[in-house]
Each structure stands twice: as structure tokens, then as C-alpha cells.
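Since the structure is predicted, the reported quantities are computational estimates derived from the model, not experimental observations. Just so you know, ligand 1 is whichever comes first in the structure, and atom 1 is the first atom listed for that ligand.
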Amino acid sequence: MSTTEPTSSSNFIKTIIDEDLASGKRDKVITRFPPEPNGYLHIGHAKSICLNFGLAKEYNGKCNLRFDDTNPVKEEDEYVESIKEDVAWLGFDWGKEPLFASDYFDQLHEWAIKLIKKGKAYVDSQSAEAMRENRGTLTQAGKNSPYRDRSVEENLELFEKMKNGDFPDGSHILRAKIDMSSPNMNLRDPAMYRILHAHHHRTGDKWCIYPMYDFAHGQEDSIEGVTHSICTLEFEDHRPLYDWFIKELEIFAPQQIEFARLNLSYTVMSKRKLLQLVNENYVEGWDDPRMPTVSGMRRRGYPAAAIRSFCDRIGVGRSANWIDLSVLEDCVREELNETAYRRQAVLNPLKVTITNYDQIEMLDAPNHPQQEEAGTRQLPMSNELWIDRDDFMEDPPSKKKYFRLGPEREVRLRNSYIIKCDDYVKDENGEVVELKCSADLDTLGKNPEGRKVKGIIHWVSAQHAVKVPVRVYDRLFNQENPDKAENYLSALNPESLQETFALAEPSLLEAKPGETFQFERVGYFTVDAKDSKDNAPVFNRTVTLRDTWAKVK
Ligand code: ATP
Ligand code: MG
């Protein structure tokens with residue numbers, strides 16, 4: 001069940017689209033999400049996915065999933081598969097087949113030749129060093145390459161030889177002939193094609209020249225008829241270059257619109273860093289439940305609807321976009337509060353003996369307090385229970401505000417009787433190891449007469465409880481901006497994973513992978529989809545019931 005729909009809030013991009021539709025500049029909306037398959041998707045990508053697919057849905061248009069696989073060196077099919085899985089899981093549909101930039105390699109090659117013939121591109125044979133030097137700086141114009149005025153014929157011949165594999169990597173590149181003194185560095189004769197004797201995950205060994213991202217991206221959008229090409233702000237300075245290519249090639253012009261990328265506190269989002277965390281075993285893998293990846297969040301138990309509602313809530317703008325991690329966690333809580341069934345489990349057990357109760361009862365307990373239609377489950381009650389150690393204090397501080405157990409105090413056992421602590425037992429170290437309580441047997445499903453009992457605690461029957469492994473996850477980083485630390489690895493939270501177990505009510509044994517429950521008064525827990533077996537669930541703490549980090553600050 002999901003409580004939220006993909007993007008619905010207004011934003012500046014919708015305003016632009018509305019104007020384009022009203023003026024007749026566009027008669028439909030086609031967007032795209034163009035990941036490079038060199039890593040798993042993270043929450044920043046989710047923002048872009050929700051935005052692009054959300055707009056397509058809202059305007060009755062289409063959003064392509066296009067893999068920008070122009071760099072053969074870092075790309076792998078594993079990433080392609082994970083990206084498809086993640087986009088579908090987030091609830092979006094890219095139509096029949098995903099698209100690949102590599103499908104356009106022939107077309108792009110043809111266009112490169114077209115620009116050579118127009119005198120708008122040339123083969124440069126300077127060393128990489130000379131090229132760097134001649135590029136100039138932000139304050140200094142660049143210098144023309146000595147090869148800049150090669151004839152069209154010579155350029156065509158050299159480019160053909162580059163393509164045929166006659167030259168080693170790095171010996172020549174194809175450059176656009178624009179302006180070496182442009183204040184925009186991207187326009188100083190940018191590279192279009194480079195020689196790379198590398199195997200490509202889809203085209204195999206067909207090519208030994210590959211288009212540069214900047215020569216490929218805008219034309220890919222054009223081929224697909226993308227009406228609004230939405231990207232992050234760092235591409236703003238590339239827009240004049242994309243427009244130049246489109247104009248010189250005389251092809252359909254998509255409109256690029258830039259927005260601020262999402263930054264999340266206590267998180268790193270650079271793929272290079274995420275890859276390092278995986279490769280150097282700081283985490284278990286890309287889908288480690290502490291990772292900001294879509295697959296990690298899924299495994300942790302974040303519902304897709306919560307991620308969509310987060311992306312909607314944070315909005316889309318053009319100024320730096322720092323969002324506190326608690327906003328995402330709140331979205332997860334809100335969604336799970338609606339959808340997760342309630343269960344009882346004790347993580348930090350203290351034994352309770354009910355001295356006046358000598359039977360076993362199967363109590364009916366609602367699955368969800370606000371949703372009668374969710375039904376009930378059977379909760380076994382007996383004379384020996386586990387409660388949470390934190391729910392008893394020998395010497396409670398303030399009489400008024402303390403509603404849990406203490407000597408001579410009463411609480412209600414959730415879904416069961418009211419009990420009173422008559423006595424308690426200590427071990428040789430002075431630690432309380434058992435409570436002796438009596439139950440008011442007239443309080444099942446009703447309040448006692450003449451007094452009010454405010455506290456409610458969770459519990460499980462000792463003889464019926466099942467012991468299940470629990471992973472208590474916390475934030476992966478304990479500094480607000482890990483990228484600010486000298487080395488972001490030093491900001492890793494050493495307590496981001498604590499492996500323990502819970503004593504849980506027996507119905508939890510049947511919990512299925514991916515199912516999430518609220519362990520009442522403890523938090524939300526999801527059955528790990530990788531490590532659980534039939535009747536042997538392993539639980540991941542998805543999120544606490546309240547924000548515990550806000551208090552620390
Ligand atoms: P890189 O290109 O350095 O490998 P990237 O994060 O840009 O990393 P891509 O696969 O190119 O990764 O990203 C696909 C799309 O996701 C791009 O359109 C990009 O704008 C968008 N995107 C990536 N990171 C964020 C972010 N933090 N916030 C919003 N959108 C993002
Ligand atoms: Mg990118």
C-alpha cells in the first residue's frame with residue numbers, strides 16, 4: 001500500500017514547461033533519466049528519477065531511461081541491471097526497452113564527419129601536455145593548436161585512421177573548432193572523440209574511438225526528441241557547447257534546464273567514494289542497508305513511496321540544496337506508521353514472573369491500531385515474560401512523569417493485563433534480574449475502576465518467544481558533512497552497525513523477506529531480503545520511532 005503519489009508540488013521547471021506548451025514551442029513533454037552505468041543509483045539519482053518520470057507522468061508524456069555508456073572503461077552490465085531494478089522499484093515505467101547511448105555510436109560518428117566536412121572539427125595531434133598548456137586559464141586565452149588548420153581532406157583521412165585502429169591511445173583527438181579565446185572554457189575547441197582501445201559492454205570491440213560525453217549527450221537528447229533535458233547545475237556552462245553542436249548539425253534542439261543537485265547531511269554521494277566504501281569493505285556491498293543507494297535503502301526497509309514523498313517534499317530549485325537526513329527519515333516513519341503491522345519484541349530483556357497467573361492464554365492483538373481491517377494476530381500470554389530492561393527503575397526520578405514499572409507501580413502490558421511490581425530480585429552484583437508482579441485479572445480489554453494506569457509497555461511470553469537476529473543500523477557517518485573532513489573515511493560512524501538479537505512474539509517467525517513491522521515502542525524493522533531463510537528471519541532496523549539525532553545536537 002502506498003500513501004503518496006509521485007511528484008505533485010509545483011516548481012520552476014513546471015512553470016517553464018507550462019509556458020512552452022502554452023506558447024506552442026512544444027506540443028508534448030519528453031524527458032529522460034540518463035545514468036552512466038558505472039555505479040549503483042543513490043538518493044540523489046532518485047531525486048532526478050522522481051523529477052523526470054514524475055513530469056512525464058503529470059504531462060502525459062514519456063520519460064526515457066537511457067544509459068549514457070560512452071565511457072567503456074568503467075561501465076558494467078551489473079550496473080545496468082541494478083539501475084533497471086531500482087527505477088522499476090521506485091515505481092516508474094520507461095516503456096518497452098531502456099535506451100543506450102552506444103546505440104547511437106554510428107549516428108554520432110556520422111555527425112562528427114559532417115562537422116569535419118563543414119570545417120568545424122579537426123584532428124589534433126599535440127601531446128596531452130601541450131594541449132593542456134595551450135588551453136589557457138580562466139583569466140588567460142588559449143592558443144590555437146598548430147594542427148588547427150589542417151585541411152578537410154587530411155582531417156577526414158586521419159579520423160578514418162583513428163577509427164580503424166591505426167593509432168595508439170592518446171596520439172590524436174578530434175576537436176570541435178570553436179574559439180580558443182572564449183571566456184567559457186568548454187568552448188575552447190573541446191574534444192569530441194578520443195582513441196581508446198577498450199572493450200565496450202555492448203559494442204564489444206567494434207570501436208576504438210569513443211565520443212566524449214559532451215559531444216554525445218546533447219545529440220542523444222536530440223535523437224530521442226527530448227523536449228526538456230533536465231540536468232544538474234554543473235552542466236550550465238556546457239549548455240552553450242551543446243547548443244553549438246545542435247546548431248551546426250542542424251538537428252532538433254532540446255531545451256536544457258538545470259536544477260541544484262541534492263546534498264544530504266551525514267551522507268556522501270560521490271560514486272567514487274561509494275565505490276571505495278564497497279571495494280575496501282567499509283560496508284558489505286552497494287546494497288548494504290547503511291548505504292545511501294536505492295538498493296541499500298530498499299534492503300533497509302525504506303518504502304519506495306517514502307522516497308518519492310521525500311523527493312517531492314524537498315522540491316526542485318536552483319540554489320544549493322542541503323537537506324538534513326532527518327527529513328528522509330521522517331518520510332520513512334510517516335509511511336511506515338501507516339503501512340507497518342505492529343508486533344512485540346524485546347531487545348534488552350528483563351524477566352518478569354506473574355505470581356497470580358497460572359495459565360496460557362492466546363490473546364487477540366490488532367495488527368494496526370488505526371486500521372481495523374488489518375485484522376488481528378494471536379499473542380500468547382503466560383506467567384513468565386520478558387520486558388525491556390529500560391521499563392523498570394528501582395528508584396524512579398520524578399513521581400509524576402515516570403509511567404513505567406518501579407516498586408509498587410502499575411503498568412499495562414500492551415494488549416494484555418495491568419500488572420503491579422510487588423518485588424524484585426537482584427544478583428550478586430546488585431543488578432536487578434527479575435521482577436515479581438501480580439496481574440489485575442479484571443483488566444483485559446478494559447480499564448480498572450477507581451484508578452488510572454497511564455503506562456503501557458511491550459513484552460513477550462518467555463516460553464513462546466523466538467530469538468531472532470537483529471541488526472541495529474545507525475547513520476553511516478557521524479559528521480554532518482563527511483566531505484568536509486580531511487578524509488571522509490574518518491567521519492565513518494564506528495557504531496553504525498550493532499548486531500544483536502530480539503526475543504520476539506512467535507508470529508514474527510513467519511515474516512517474509514522485505515516485510516516491515518513496527519516493534520512497538522522500539523522502532524521499525526524489516527526482514528532482510530538477503531540473509532533471511534524460511535522461518536528464520538533476520539531483522540534490519542529501518543528507522544527509530546523518533547529522531548534520536550536531533551537531541552544530541
Ligand atoms: P558521475 O557522472 O560523476 O559518474 P553522476 O552522479 O552525475 O556521477 P550519472 O549517472 O551521470 O551520475 O547521473 C545520472 C543523472 O542523475 C544525471 O542526470 C544527474 O544529473 C542526476 N544526479 C546525480 N546525482 C544527483 C544528485 N545528487 N541530485 C540530483 N540529481 C543527481
Ligand atoms: Mg554524470
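Remark: ligand 1 atoms within the under-4.0 Å shell around heavy atoms of His42 are 24 (N). Close contacts of ligand 1 with Asn38, meaning ligand atoms under 4.0 Å from a residue heavy atom, involve 4 (O). Taking a cut-off of under 4.0 Å to the non-hydrogen atoms of Phe33, the atoms of ligand 1 that pass are 14 (C), 15 (C), 16 (O). Under a 4.0 Å criterion applied to the non-hydrogen atoms of Ser48, ligand 1 contributes the atoms 16 (O), 21 (C), 30 (N).
Nearest to atom 13 (O) of ligand 1 by heavy atom, out of Glu234, His45, Arg32, Glu36, is His45. The option from Leu275, Thr232, Ile43, Leu262 that lies nearest to atom 27 (N) of ligand 1, judged by heavy atoms, is Leu262. Of all the listed residues (Arg66, Met269, Lys271, Arg272), Lys271 holds the heavy atom that lies closest to atom 1 (P) of ligand 1.
Both the backbone and the side chain of Pro34 come within 4.0 Å of ligand 1, judged by heavy-atom distances.
Side chains of Arg333 and Thr544: a donor on one and an acceptor on the other come within 3.5 Å. Using modelled atom types and a 3.5 Å distance limit, the side chains of Ser145 and Arg175 yield no donor-acceptor pair.
Each of Met131, Arg148, His172, Glu133 was checked for a side-chain contact (heavy atoms from CB on, under 4.5 Å) with Gln126, and the lone residue meeting it is Met131.
Under the 4.0 angstrom criterion for non-hydrogen atoms, Phe235 is not in contact with ligand 1.
Checked against the 6.0 Å centroid criterion, the rings of Phe53 and Phe92 qualify as a close aromatic pair. Within the 6.0 Å centre-distance limit, the rings of His200 and Phe105 are counted as a close aromatic pair. If you look at Phe245 and His238, their ring centroids are not closer than 6.0 Å. Checked against a 6.0 Å centroid threshold, the rings of Phe477 and Tyr266 do not count as neighbours.
Looking at ligand 1, you won't find any N or O of Ala260 less than 3.5 Å from one of its N or O atoms.
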